[in-house]
Number of protein chains: 2
Amino acid sequence: MPYTYDYPRPGLTVDCVVFGLDEQIDLKVLLIQRQIPPFQHQWALPGGFVQMDESLEDAARRELREETGVQGIFLEQLYTFGDLGRDPRDRIISVAYYALINLIEYPLQASTDAEDAAWYSIENLPSLAFDHAQILKQAIRRLQGKVRYEPIGFELLPQKFTLTQIQQLYETVLGHPLDKRNFRKKLLKMDLLIPLDEQQTGVAHRAARLYQFDQSKYELLKQQGFNFEV
Amino acid sequence: MPYTYDYPRPGLTVDCVVFGLDEQIDLKVLLIQRQIPPFQHQWALPGGFVQMDESLEDAARRELREETGVQGIFLEQLYTFGDLGRDPRDRIISVAYYALINLIEYPLQASTDAEDAAWYSIENLPSLAFDHAQILKQAIRRLQGKVRYEPIGFELLPQKFTLTQIQQLYETVLGHPLDKRNFRKKLLKMDLLIPLDEQQTGVAHRAARLYQFDQSKYELLKQQGFNFEV
DNA sequence: ACAAAAGTGTTGAGTCTACACCCATGA
DNA sequence: TCATGGGTGTAGACTCAACACTTTTGT
């Protein structure tokens with residue numbers, strides 16, 4: 001530790017990787033379009049400078065709200081990016097956070113703060129400002145890892161959903177198809193889903209039963225972890 | 001993103017949680033004794049301010065070398081701590097790194113940089129400066145998680161070791177005893193260890209066979225992950 | 001000869017994978 | 001009646017946990 005605190009200081013920002021699922025169980029990420037240089041008009045992760053009187057997570061939450069209107073979500077720290085040259089003008093460190101939300105329940109407030117916000121499918125991304133492509137890639141890897149030892153879905157899916165929907169979510173995240181019978185057996189065996197006396201409506205085939213998460217079981221498994229090799 | 005970079009900036013430091021195993025397979029952590037306020041004479045994690053022309057990991061590596069003499073090890077980013085008030089004088093963010101080493105091979109250079117460095121058993125820690133107790137706790141949790149889906153031991157154990165030693169390592173990290181026969185079956189089945197035509201010497205009982213890691217297999221499993229529920 | 005740790009095998013229960021057909025519904 | 005996805009069962013392979021005794025060696 002030094003004897004003084006009077007060193008030149010890098011700038012400190014936070015960036016948010018917010019994943020959302022749409023009705024087609026397509027995995028999307030929330031981006032904003034920059035209105036100012038550098039990288040003017042390019043798409044970027046929502047984020048900005050940390051103020052002196054707020055924690056890192058508070059800063060992430062504030063920037064997300066200001067730039068996209070999204071608020072009230074659970075953020076988890078992803079990684080801190082601090083290589084030289086990641087911002088063309090100055091030495092800037094960025095602490096990245098990520099979150100999972102059901103995008104239907106979080107309408108975007110476009111053009112807040114003179115920015116444009118939109119959901120992009122992770123299959124079809126625009127070119128991103130700074131090193132945000134790298135940050136996003138790392139967030140996707142983290143999500144793929146997470147899915148194997150912690151339940152996901154509660155944050156992403158609508159409150160009532162079908163088994164096929166949750167299977168599609170896992171297939172999307174993992175990037176490969178799963179066996180329907182085995183997936184259901186394994187999922188139901190962990191006693192995490194509550195079957196409802198309700199069914200899908202408006203489909204042109206046999207209606208699927210709806211389920212919801214057992215919230216307390218969900219939290220428990222999230223803490224303890226499990227093993228979901230699929 | 002803001003229109004200017006001229007905000008007041010928090011200070012940025014790195015801290016290193018270096019775990020080491022001694023000959024008794026006792027898990028230890030590398031601490032330094034602070035010679036200056038705040039927290040003068042208290043023990044703390046090695047670390048210090050990030051300079052403008054070095055990456056975060058380079059800074060961690062430099063501070064570790066300057067303060068303890070330890071160098072040439074693999075560091076992994078742990079978490080970034082940025083709550084208000086974690087440093088009594090100023091707003092300071094710390095990016096924590098952690099590492100696993102075999103402490104016999106990394107002799108300490110005490111009193112480098114006017115600091116004292118020492119290994120402390122994680123069972124018997126002194127009171128730590130700043131929020132370093134919290135950082136250390138998180139590092140231990142991370143290690144416990146890691147052990148379940150990635151091989152460890154290569155960095156911690158001597159090059160040649162017995163099955164009992166690696167079992168003791170797992171027992172130490174996980175904090176509970178393991179069944180000897182099952183542990184060996186599972187470990188040997190993953191084809192990660194190479195049995196040597198050598199044995200322990202100098203013990204007052206039947207000498208155990210020595211093993212070493214198959215390095216390429218080790219790296220492979222580290223990337224792919226595995227499942228080691230024990 | 002004894003103390004101390006090394007080393008080893010089996011059984012029964014549970015879990016995993018792979019695989020194909022009938023069912024209910026709306027158009 | 002047909003197209004579409006919903007829903008289900010089983011056999012064989014494998015893996016897991018639990019458990020105790022014999023072997024080797026140095027003192």
Side-chain angles (χ1 to χ4, degrees), chain A residues 23-26 147-149 151 153 157-158 160-172 174 176-212 221 224-230, chain B residues 23-26 147-149 151 153 157-158 160-172 174 176-212 221 224-230:
Chain A
E23 281 134 312
Q24 284 69 248
I25 318 291
D26 183 28
V147 105
R148 286 173 36 186
Y149 56 88
L157 291 167
K160 300 171 181 182
F161 52 86
T162 67
L163 295 178
T164 299
Q165 283 177 317
I166 193 169
Q167 181 174 345
Q168 283 170 345
L169 165 59
Y170 272 82
E171 288 175 341
T172 299
L174 292 171
H176 61 86
L178 302 170
D179 180 90
K180 184 165 59 156
R181 285 164 288 193
N182 294 338
F183 181 84
R184 288 174 179 222
K185 260 179 291 179
K186 184 148 191 178
L187 193 60
L188 291 174
K189 179 153 48 67
M190 54 178 94
D191 207 22
L192 177 62
L193 299 185
I194 301 171
L196 302 174
D197 286 329
E198 264 182 275
Q199 296 192 326
Q200 246 181 344
T201 53
V203 287
H205 53 78
R206 175 172 176 182
R209 160 166 248 152
L210 293 172
Y211 289 79
Q212 65 182 29
L221 284 175
Q224 297 182 342
F226 59 57
N227 198 254
F228 203 84
E229 299 283 357
V230 274
Chain B
E23 280 134 311
Q24 284 69 248
I25 318 291
D26 183 27
V147 104
R148 287 173 35 187
Y149 55 88
L157 291 167
K160 299 171 182 180
F161 52 87
T162 67
L163 294 180
T164 299
Q165 283 177 317
I166 192 168
Q167 180 174 347
Q168 283 170 343
L169 165 58
Y170 272 81
E171 288 175 342
T172 299
L174 293 171
H176 59 86
L178 302 171
D179 181 272
K180 184 166 59 157
R181 283 163 290 189
N182 294 339
F183 180 84
R184 287 173 180 222
K185 260 179 288 180
K186 184 148 191 178
L187 192 61
L188 291 173
K189 178 154 51 63
M190 55 177 91
D191 208 22
L192 176 63
L193 300 185
I194 301 170
L196 302 174
D197 286 331
E198 264 182 277
Q199 296 191 328
Q200 247 180 343
T201 53
V203 286
H205 52 78
R206 174 171 177 182
R209 162 166 246 153
L210 293 173
Y211 289 79
Q212 65 183 28
L221 284 176
Q224 297 182 343
F226 59 58
N227 198 255
F228 203 84
E229 300 283 356
V230 275

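Below, read A as the first sequence line, B as the second, and so on, with proteins coming before strands; counting in each chain starts at 1. Everything quoted here is computed from the prediction, not taken from an experiment.
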What integer distance in Å separates A/Gln200:CD from D/dT4:P? 16 Å
Within this structure, what is the CZ-to-C1' distance between A/Phe183 and D/dG7, rounded to whole angstrom? 15 Å
Which pairs count as side-chain hydrogen bond (donor to acceptor under 3.5 Å, both in side chains) when at least one residue sits in residues 184-196 of chain B, sequence neighbours excluded? B/Thr164-B/Arg184, B/Asn182-B/Lys185
Output all residues satisfying side-chain hydrogen bond (donor to acceptor under 3.5 Å, both in side chains) with A/Glu198, sequence neighbours left out; order by chain, then residue number. A/Lys160
Integer-rounded Å distance: D/dG9 P and A/Arg184 CZ: 13 Å
Mind checking whether A/Met190 and A/Phe228 have side chains closer than 4.5 Å, heavy atoms only? yes
When rounded to whole Å, the NE2 to C1' distance for the pair B/His176 and D/dA18 reads 16 Å
Quick one: are B/Ile166 and B/Phe183 in side-chain contact, heavy atoms under 4.5 Å? yes
Between protein and nucleic acid, restricted to nucleotides 10-16 of chain D and to nitrogen or oxygen atoms under 3.5 Å apart, what atom pairs and distances do you find?
residue: D/dT10; atom: O4; partner: A/Lys185; partner atom: NZ; Å: 2.7
residue: D/dC16; atom: OP1; partner: B/Lys186; partner atom: NZ; Å: 3.3

Does the side chain of B/His176 reach to within under 4.5 Å of the side chain of B/Leu178, using non-hydrogen atoms? yes
Return the CG to CG distance between A/Leu187 and A/Leu193, rounded to the nearest 0.5 Å. 4.5 Å
Start and end of chain A contact along DNA chain C [non-hydrogen atoms, under 4.0 Å]: C/dC16 to C/dA27
For B/Gln200, enumerate each residue passing the side-chain hydrogen bond (donor to acceptor under 3.5 Å, both in side chains) test, keeping only those at least two apart in sequence or located in another chain. none
Looking at A/Leu196, is its backbone amide N or carbonyl O close enough to the side chain of A/Gln212 to form a donor-acceptor pair, meaning the two atoms are under 3.5 Å apart? no
Expected string for nucleotides 20-27 of chain D under the B/S/- scheme (protein heavy atoms, under 4.0 Å, primed atoms plus P, OP1, OP2 as sugar-phosphate) is B--BBBS-
Heavy-atom side-chain proximity of A/Tyr211 to A/Phe161 below 4.5 angstrom: yes
Under 4.0 Å, counting only non-hydrogen atoms across every strand here, what does B/Thr162 touch: a base, just sugar-phosphate, or nothing? nothing
